[in-house]
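One structure is given here, and the rest of the page talks about it.
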Amino acid sequence: NEDVPYDKTIDNTVTLLKEGYLFIPNRIRQYQSNLFETRLLGQKVICMSGKEAAELFYDSKRFQRHGALPKRIQKTLFGENAIQTMDGEAHHHRKQLFLSLMTEVNQKQLAELVTTEWTNSIRKWENDKEVILFDEAKDILCRVACQWAGVPLKDSEVKERANDFIAMVYAFGAVGPQHWKGRNARRQIEDWMKGIIEDVRDGKLSAKEGSVLYEMAFYDQEDHRHLDSHMAAVELINVIRPIVAIATFITFSALALHEHPSYKEKLQQGNSDDCHFFIQEVRRYYPFGPFLGAKVKNEFVWNQCEFKKGMLVILDVYGTNHDRQLWENPNEFNPERFKTWNNSLFDLIPQGGGEAATGHRCPGEGITIEVMKASLDFLVNKIEFDVPNQDLSYDLSEMPTLPKSGFMMNNIKRK
Ligand code: HEM
């Protein structure tokens with residue numbers, strides 16, 4: 001690949017972990033090319049960014065997911081051999097299961113439970129000296145996600161389970177203790193959920209037909225066999241963990257309100273479009289999922305670059321959400337930009353691109369948006385609070401990242 005920029009080092013893994021979200025965007029800018037080659041995890045990889053790259057990435061004739069996810073990510077974030085690693089008909093079949101659980105009715109139901117939990121928290125908060133929004137959000141979301149999914153969870157368990165779900169998510173770009181914390185968290189949660197699946201199958205625990213728990217326990221694969229209880233637990237976790245992770249976007253929503261008080265006033269007027277644009281801009285602007293990986297299925301050439309069979313290809317999610325060619329002043333927070341957005345499936349990709357039904361795009365976008373809206377409405381219209389001095393900065397070299405203070409609030413009052 002003579003014409004393709006090559007970031008020459010023996011291996012860039014350490015630099016990637018150091019530069020974090022900006023590793024790919026920095027090089028895309030430096031080479032003035034929407035792709036470049038480098039070495040990561042001991043192999044040659046192609047990194048690419050932008051709308052056209054995203055369209056290519058979601059062409060399932062050219063790319064597969066099997067063999068693309070490093071084991072260290074499977075052992076923490078996703079679980080081994082889960083839906084994220086599947087291809088073709090088997091993936092499609094499993095994806096229908098996930099999508100069937102995320103109907104609009106189910107989304108609204110979850111969002112209403114979230115509103116109830118937020119509202120119930122006010123009384124306690126009025127007596128608290130200060131409250132860390134991220135900590136409250138993860139506990140509430142864990143409680144609500146389990147309730148909504150039909151998974152029994154005692155009050156006394158909530159905090160520990162919520163912390164384990166978060167530890168899996170925050171192990172993504174971590175090495176050392178934080179990585180091991182993620183592995184231990186996964187082990188604990190998998191054992192717990194596997195026991196629950198087995199109890200449902202043995203009739204020791206009742207699950208309502210249509211609930212996430214029931215449908216995971218009794219899902220028939222393509223070959224008409226149930227998932228083994230461990231795999232069913234892994235996929236059940238693939239629904240509950242990301243709901244808990246919405247705590248990150250909720251915390252960034254609060255930061256956006258704090259940094260842009262004029263939008264807070266606008267949102268108080270209650271126009272649902274304004275609320276929608278604000279949420280979309282939070283998902284675009286703030287960093288969460290940094291990039292995605294897939295393997296070349298069949299050799300092809302694109303933009304003068306040879307994509308050789310078996311090569312790992314990385315799509316820059318954060319960089320595409322901040323691409324100058326797609327977004328005017330991408331590094332400004334501006335919800336108004338969504339007034340004229342064309343609803344492309346390949347430029348706003350915080351939760352992946354393409355169609356969720358036919359590819360790997362996140363099936364939980366509807367849920368994420370509804371839960372974020374319920375939480376934003378709560379922050380804007382249901383309470384008043386002060387934001388004391390604290391470190392609200394977030395580090396783009398950490399993947400995922402979060403405002404350092406977790407967003408501290410005090411003098412909280414019901415409106
Ligand atoms: C896949 C992001 C919330 C369930 C994904 C992907 C991303 C993503 C980037 C990968 C797309 C790809 O591989 O091409 C997020 C973010 C969320 C979120 C930032 C906000 C917290 C959710 C929720 C659920 C969920 C609430 C479930 C209720 C899944 C599943 C997949 C997935 C099951 C795998 C889909 C597949 O491989 O076909 N998500 N997600 N996510 N997400 Fe989400």
Side-chain angles (χ1 to χ4, degrees), residues 53-60 63-66 68-69 73-74 77-79 81-88 90-103 106-107 109-111 114 134 137-138 141-142 144-146 148-149 165-166 168-170 172 212 215-216 234-253 279 282-284 286-295 313-318 320-321 345-346 348-372 375 399-402:
E55 277 190 80
L56 181 75
F57 186 81
Y58 282 95
D59 180 347
S60 61
F63 292 101
Q64 65 178 47
R65 298 303 178 95
H66 184 75
L69 259 186
I73 305 289
Q74 295 190 43
L77 182 58
F78 295 130
N81 308 318
I83 182 165
Q84 291 89 351
T85 67
M86 296 172 74
D87 296 295
H91 171 257
H92 188 71
H93 198 269
R94 181 104 36 113
K95 191 64 174 275
Q96 298 318 304
L97 163 68
F98 279 89
L99 287 166
S100 72
L101 302 168
M102 318 280 165
T103 57
N106 288 359
Q107 293 169 22
Q109 221 169 45
L110 181 68
V114 168
F134 179 77
K138 74 172 165 52
L141 290 168
C142 180
V144 163
C146 288
W148 175 79
F165 284 117
I166 292 294
M168 293 182 208
V169 175
Y170 278 79
F172 177 82
V212 179
E215 298 303 325
M216 285 296 176
V234 164
E235 299 297 31
L236 179 55
I237 295 166
N238 264 329
V239 175
I240 297 181
R241 180 203 65 251
I243 296 177
V244 180
I246 304 172
T248 299
F249 272 152
I250 292 173
T251 306
F252 279 125
S253 301
I279 295 297
V282 169
R283 296 193 315 128
R284 181 196 74 83
Y286 290 102
F288 201 176
F291 42 73
L292 293 164
K295 278 204 154 175
V313 176
I314 295 181
L315 175 68
D316 183 14
V317 166
Y318 180 77
T320 303
N321 288 338
L345 293 173
F346 297 103
L348 178 69
I349 58 166
Q351 297 180 230
E355 300 274 6
T358 52
H360 279 273
R361 189 186 188 115
C362 180
E365 265 184 307
I367 281 187
T368 305
I369 291 172
E370 289 306 320
V371 167
M372 286 175 76
S375 304
M399 299 178 294
T401 186
L402 192 71

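As the structure lists them, so they are numbered: ligands from 1, and atoms in each ligand from 1. Residues: numbered from 1 along the sequence shown.
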**Q.** Side chain to side chain, T248 and Y170, heavy atoms closer than 4.5 Å
**A.** yes
Close residues (non-hydrogen atom under 4.0 angstrom from ligand 1) work out to Y58, R65, I83, Q84, H91, K95, F98, M102, N238, V239, P242, I243, A245, I246, F249, F288, L292, P350, Q351, G352, G359, H360, C362, P363, G364, I367, T368
By side-chain hydrogen bond (donor to acceptor under 3.5 Å, both in side chains), Q107 pairs with (sequence neighbours left out) none
Taking every non-hydrogen atom, the tightest pair across [X] and [Y]:
X    : Y    : answer
A149 : I240 : CB-CD1, 4.1 Å
L345 : E355 : CD1-OE2, 3.6 Å
H360 : K95  : C-NZ, 3.4 Å

* Please state whether the rings of F249 and F288 are parallel, tilted or perpendicular, taking 30° and 60° as the class boundaries. => perpendicular
